[in-house]
Amino acid sequence: SEDVHTMPTAHRIRCTGDDVPTPIAAFDELSSRYSIPSELLHNVTEAGYSEPTGVQTQGIPVLLEKRDLAAIAPTGSGKTLAYLLPIFGLLGAPVRSATNQVGARALIVSPTRELAQQIHNEALKLAKGRKWKIVVLNKATANALRDKAARKKVDLIITTPLSLVSALEDGIVDLDHIRHLILDEADRLLEEGFLKQIEEILAACSHPDLQKAVFSATLPAAVEAIANTFLRQPIRVIVGLKDS
Ligand code: ADP
Ligand code: MG
């Protein structure tokens with residue numbers, strides 16, 4: 001529709017960084033531009049999402065181009081899908097032959113259990129009919145991960161910092177193969193109370209091609225400065241009102 005093409009302006013998106021990719025005007029552009037499978041786009045439609053929101057128009061291509069990202073957009077603006085859709089696109093088809101299983105390749109960190117659960121629900125909608133193994137870390141799932149073979153089958157981990165750090169200390173998660181790390185509600189995660197845990201998590205994600213992104217409704221300068229210590233040539237996407 002005509003509206004779709006005016007969306008980036010309507011959402012007042014500002015970007016900084018080198019080689020910012022062109023935003024998408026519609027989800028179906030993702031099949032030609034990034035070979036996103038039709039099953040995944042079908043699940044987006046099934047979830048009732050007909051057009052990308054502002055943060056999605058710009059954030060999705062940035063993540064699909066494997067760039068680091070700092071995305072700042074208001075609460076309720078669809079930040080969850082802005083990272084989940086690219087993650088599923090980048091994970092590719094679920095790998096289910098025993099020899100190819102390396103363990104989790106994507107990690108989402110959220111400040112609270114409740115938010116982690118909401119992210120999980122959104123992820124299940126997108127992953128419907130596809131065989132990715134998604135785990136929210138808690139006592140029960142952590143127990144199942146004591147089995148090394150079970151651990152290798154996981155594709156995506158969603159967790160709070162505390163659950164992850166304790167699982168790392170127990171030696172039941174291995175983050176060596178994580179390629180995509182998302183810090184959701186980054187303003188809270190990079191506050192004093194969580195910072196030590198986030199540093200431990202960053203240190204444990206040892207893959208040289210690790211892509212990192214922070215998502216937040218607000219990112220005060222001091223917090224962004226912390227994010228910039230670990231983001232590599234990030235693109236910064238800010239969605240907001242004209243004068244904000
Ligand atoms: P945020 O993390 O920015 O606060 P959420 O990711 O929780 O926002 O999304 C807020 C609501 O918008 C959710 O109910 C979600 O299902 C819905 N939503 C996300 N993307 C779209 C879209 N493209 N079109 C319509 N609704 C959407
Ligand atoms: Mg959110």
Side-chain angles (χ1 to χ4, degrees), residues 1-15 23-31 33-34 36 38-64 69-89 106-128 134 136 156-161 180-191 194 198 212-220 223-224 227 235-241 244:
S1 77
E2 292 148 359
D3 288 338
V4 194
H5 298 288
T6 61
M7 269 183 88
T9 326
H11 289 284
R12 304 189 201 291
I13 301 173
R14 284 167 292 164
C15 296
I24 53 162
F27 287 119
D28 63 16
E29 285 176 30
L30 296 171
S31 56
R33 273 180 64 181
Y34 299 107
I36 296 301
S38 57
E39 297 93 320
L40 191 49
L41 295 178
H42 174 79
N43 287 347
V44 172
T45 310
E46 282 287 289
Y49 309 151
S50 50
E51 290 173 21
T53 66
V55 69
Q56 293 164 5
T57 61
Q58 189 63 74
I60 289 172
V62 168
L63 289 180
L64 284 170
L69 170 67
I72 303 152
T75 302
S77 64
K79 293 190 286 297
T80 320
L81 187 77
Y83 58 77
L84 282 177
L85 182 53
I87 282 179
F88 286 122
L107 173 64
I108 300 165
V109 183
S110 143
T112 69
R113 282 169 191 280
E114 191 193 358
L115 286 165
Q117 198 51 57
Q118 285 172 21
I119 296 163
H120 188 218
N121 293 341
E122 196 75 14
L124 291 177
K125 281 193 238 170
L126 276 186
K128 204 172 164 193
I134 306 165
V136 181
L156 166 63
I157 295 174
I158 304 168
T159 183
T160 62
H180 315 287
L181 169 64
I182 308 291
L183 302 183
D184 197 1
E185 311 248 337
D187 55 341
R188 293 166 73 182
L189 291 176
L190 299 176
E191 273 172 10
F194 281 126
I198 296 301
K212 306 180 205 87
V214 300
F215 281 79
S216 199
T218 60
L219 206 53
V223 179
E224 187 160 19
I235 290 175
R236 185 167 177 260
V237 174
I238 305 173
V239 182
L241 299 171
S244 66

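Order of appearance sets the numbers: ligands from 1, and atoms from 1 within every ligand. This structure is a prediction, so every number in the text was calculated from the model and none was measured.
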> I want to know if ligand 1 touches K79 in the polar sense, i.e. an N/O pair below 3.5 angstrom.
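By distance alone, the answer is yes.
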> Between Q58 (side chain) and C15 (backbone), is there a donor-acceptor pair under 3.5 Å?
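Pair absent, no side-chain N/O of Q58 close to backbone of C15.
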> Is Y83 touching ligand 1 with its side chain, its backbone, both, or neither, if touching means heavy atoms under 4.0 Å apart?
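The answer is neither; Y83 stays 4.0 Å or more away.
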> With a 4.5 Å cut-off on side-chain heavy atoms, are F215 and T80 touching?
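Contact flag for T80/F215 side chains = no.
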> Give yes or no for whether the N/O distance cutoff of 3.5 Å, strictly under, is met between T75 and ligand 1.
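Checking ligand 1 against T75, no N or O pair falls under 3.5 Å apart.
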> For ligand 1, does E51 get within less than 4.0 Å through its side chain, its backbone, both, or neither, judged by non-hydrogen atoms?
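Backbone only; the side chain of E51 stays clear of ligand 1.
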> Ligand 1 and G78, any nitrogen or oxygen pair closer than 3.5 angstrom?
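N/O-N/O distance under 3.5 Å: yes.
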> So which of P52, S216, G76 gets nearest to atom 1 (P) of ligand 1, if we judge by its closest heavy atom?
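That would be G76.
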> Among all the protein's heavy atoms, is there at least one whose distance to atom 10 (C) of ligand 1 comes out below 4.0 Å?
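Protein heavy atoms within 4.0 Å of atom 10 (C) of ligand 1 - there is at least one.
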> Have a look at ligand 1 and work out which part of P74, if any, has a heavy atom under 4.0 Å from it: side chain, backbone, both or neither.
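Backbone only; the side chain of P74 stays clear of ligand 1.
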> Answer yes or no: does atom CZ of R33 have more than 12 heavy-atom neighbours from other residues, nucleotides or ligands under 6.0 Å?
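It does: R33 CZ has more than 12 such atoms within range.
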> For ligand 1, find out whether one of its N or O atoms is nearer than 3.5 Å to an N or O atom of S77.
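Yes, since at least one N or O of S77 sits under 3.5 Å from an N or O of ligand 1.
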> Considering only the protein, which heavy-atom contact is closest to atom 25 (C) of ligand 1, and what is its distance?
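For this ligand atom, the closest protein heavy atom is Y49 CD2, 3.6 Å.
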